[in-house]
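Below: one structure, written as structure tokens.
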Protein chains: 2
Amino acid sequence: MKEESYKQLLEQKGLKKTKVRITLLQHFMSIEHAQSYNDLQAALVNEVDKSTLYRSLASFEQAGIIHSINDHSGLTKYAFGQPPSQGNEHAHFVCEQCKMVYCMGKLAPLQLNVPKGFKTNKVQAILKGVCSDC
Amino acid sequence: MKEESYKQLLEQKGLKKTKVRITLLQHFMSIEHAQSYNDLQAALVNEVDKSTLYRSLASFEQAGIIHSINDHSGLTKYAFGQPPSQGNEHAHFVCEQCKMVYCMGKLAPLQLNVPKGFKTNKVQAILKGVCSDC
DNA sequence: AAATAAATGCAACTCTGTGGCATTTAAAAA
DNA sequence: TTTTTAAATGCCACAGAGTTGCATTTATTT
Ligand SMILES: [Mn+2]
Ligand SMILES: [Mn+2]
Ligand SMILES: [Zn+2]
Ligand SMILES: [Zn+2]
């Protein structure tokens, strides 16, 4: 993917094409698993401010470029692509060995029985196991 | 439930029957939904130290008296009873209105297809919706 | 090139949770 | 019952993730 496409995506989403955002977006599009704040800092060789990074992530998420994931590790992870939404859910897979987090394909509508009076709107599933690299 | 039963449970688990633990256990057994640290402090009218409370929760959890729940709110919740375990999974329901967290009944084994090379060991499901009180 | 509005960096701060250590308390031994 | 002991408590300081205010810089518009 060439530099132009990052810029196009930012423009399309109405986001300023700044140095930080281009580098960050480039990184997100070049890796396959979810990233923590620390992963990102390391990838950007710590040359970006903490607030700036968090704010960039927030912008990206609001624009639907990335989505955040709670993998129950205590650290929020971020992954490229639209969030799981109504009718387009996807589960997240956490490898118990390498701790990496992957977005899974479309999630088949789960049948989960709840007590009378409870109405389920959405299901968030976290799969734990061993990934294909381990 | 009378005072004796709390003490019996603590003794059975090999835990000292202290004032804090008895009060805490009594509280857990008297409510139906999961509790955050702040909920518990309020219930114990703030007369117990933060470290002590967290350490009591850790003891209870290790003993299998309670289990902790990540409801994606940022605050860990604690509920009475055994944790979801292999062959005895249960999902958690988060009410989008009142934010309360409930333990659901036994979770039917979910069929979730993962890519080749991934092996799923367990599934943690969080249901979001509206509870019977709202 | 000048004006404008948004993005950045810095520092201080909030919030959840943890760890050390002296003191107290429950349980065991005498 | 009194003494011993080991674990629980309280206090305090700290760690780590994330947020906010504000002055400065930078991308975009005019
Ligand atoms: Mn995902
Ligand atoms: Mn539960
Ligand atoms: Zn792995
Ligand atoms: Zn409710």
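Residue numbering restarts at 1 for every chain, and letters A, B, ... go by the order of the sequence lines.
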Item to complete: Applying side-chain contact (heavy atoms from CB on, under 4.5 Å), name anything that partners A:Lys99, two or more places apart in sequence or on another chain.
Response: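 A:Lys99 satisfies side-chain contact (heavy atoms from CB on, under 4.5 Å) with no residue once adjacent residues are dropped.
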
Practice prompt. Taking all non-hydrogen atoms of both residues into account, name the closest pair between A:Asp49 and A:Ser51 and its distance.
Written response: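 For A:Asp49 versus A:Ser51, the nearest heavy atoms are OD2-N, 2.9 Å.
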
Item to complete: Specify the residues of residues 51-70 of chain A, ordered by number, for which at least one heavy atom lies under 4.0 angstrom from an atom of DNA chain D.
Response: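 DNA chain D contact set from residues 51-70 of chain A: A:Ser51, A:Tyr54, A:Arg55.
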
When you measure from the side chain of [X] to the backbone N and O of [Y], does any donor-acceptor pair fall under 3.5 Å?
X	Y	result
A:Gln41	A:Val48	yes
B:Glu89	B:Lys122	no
A:His92	A:Ile126	no
A:Lys13	A:Ala63	yes

Practice prompt. Using a cut-off of strictly less than 4.0 Å, decide whether B:Asn38 has a side-chain nitrogen or oxygen near OP1 or OP2 of C:dT16.
Written response: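 Affirmative; the distance criterion is met.
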
Worksheet item: Quick one: B:Lys77 NZ to C:dT16 C1', roughly how many Å, whole number?
Response: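 Atom NZ in B:Lys77 sits about 13 Å away from atom C1' in C:dT16.
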
Practice prompt. Figure out the NE2/P separation between B:His72 and C:dT16, and round it to whole Å.
Written response: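 Spelled out: NE2 on B:His72 to P on C:dT16 is 18 Å.
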
Worksheet entry | Difference in axis direction between the ends of the helix from C:dA1-D:dT30 to C:dA30-D:dT1, five pairs, 10° |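 Computed angle between terminal axes is 20°.
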
Worksheet entry | Contact interval (first through last nucleotide) of DNA chain D with protein chain B, 4.0 Å heavy-atom |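 Result: D:dA6 to D:dC12.
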
Worksheet item: Mind checking whether B:Phe93 and B:Leu75 sit in one hydrophobic cluster, side chains of I, L, V, M, F, W, Y counted as touching below 4.5 Å?
Response: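 Each belongs to a different hydrophobic cluster.
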
Worksheet item: Which residues satisfy the ring pair (Phe, Tyr, Trp, His ring centres under 6.0 Å) test with B:His27, sequence neighbours excluded?
Response: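 For B:His27, no residue satisfies ring pair (Phe, Tyr, Trp, His ring centres under 6.0 Å) once neighbours in sequence are set aside.
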
Between the protein and nucleotides 26-30 of chain C, list the N/O to N/O atom pairs that are separated by less than 3.5 angstrom.
from: C:dA27; atom 1: OP1; to: B:Lys17; atom 2: N; distance (Å): 3.0
from: C:dA27; atom 1: OP1; to: B:Lys17; atom 2: NZ; distance (Å): 3.4

Discussion item. Let's go through B:Asn38 and B:Ser36 carefully: what are the C-alpha distance in whole Å and the side-chain angles of both, what is the deciding distance for side chain to side chain donor-acceptor pair (under 3.5 Å) to 0.1 Å, and is it a yes or a no?
Written reply: CA-CA 5 Å; B:Asn38 291 300; B:Ser36 69; 4.7 Å; no

Worksheet item: What about A:Tyr78 and A:Phe60, are their ring centers closer than 6.0 Å?
Response: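 No - the distance between ring centres of A:Tyr78 and A:Phe60 does not fall below the 6.0 Å cut-off.
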
Item to complete: Please work out which of the three classes, parallel, tilted or perpendicular, describes the rings of B:Tyr37 and B:Tyr54, given edges at 30° and 60°.
Response: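 Geometry flag for B:Tyr37 against B:Tyr54: parallel rings.
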
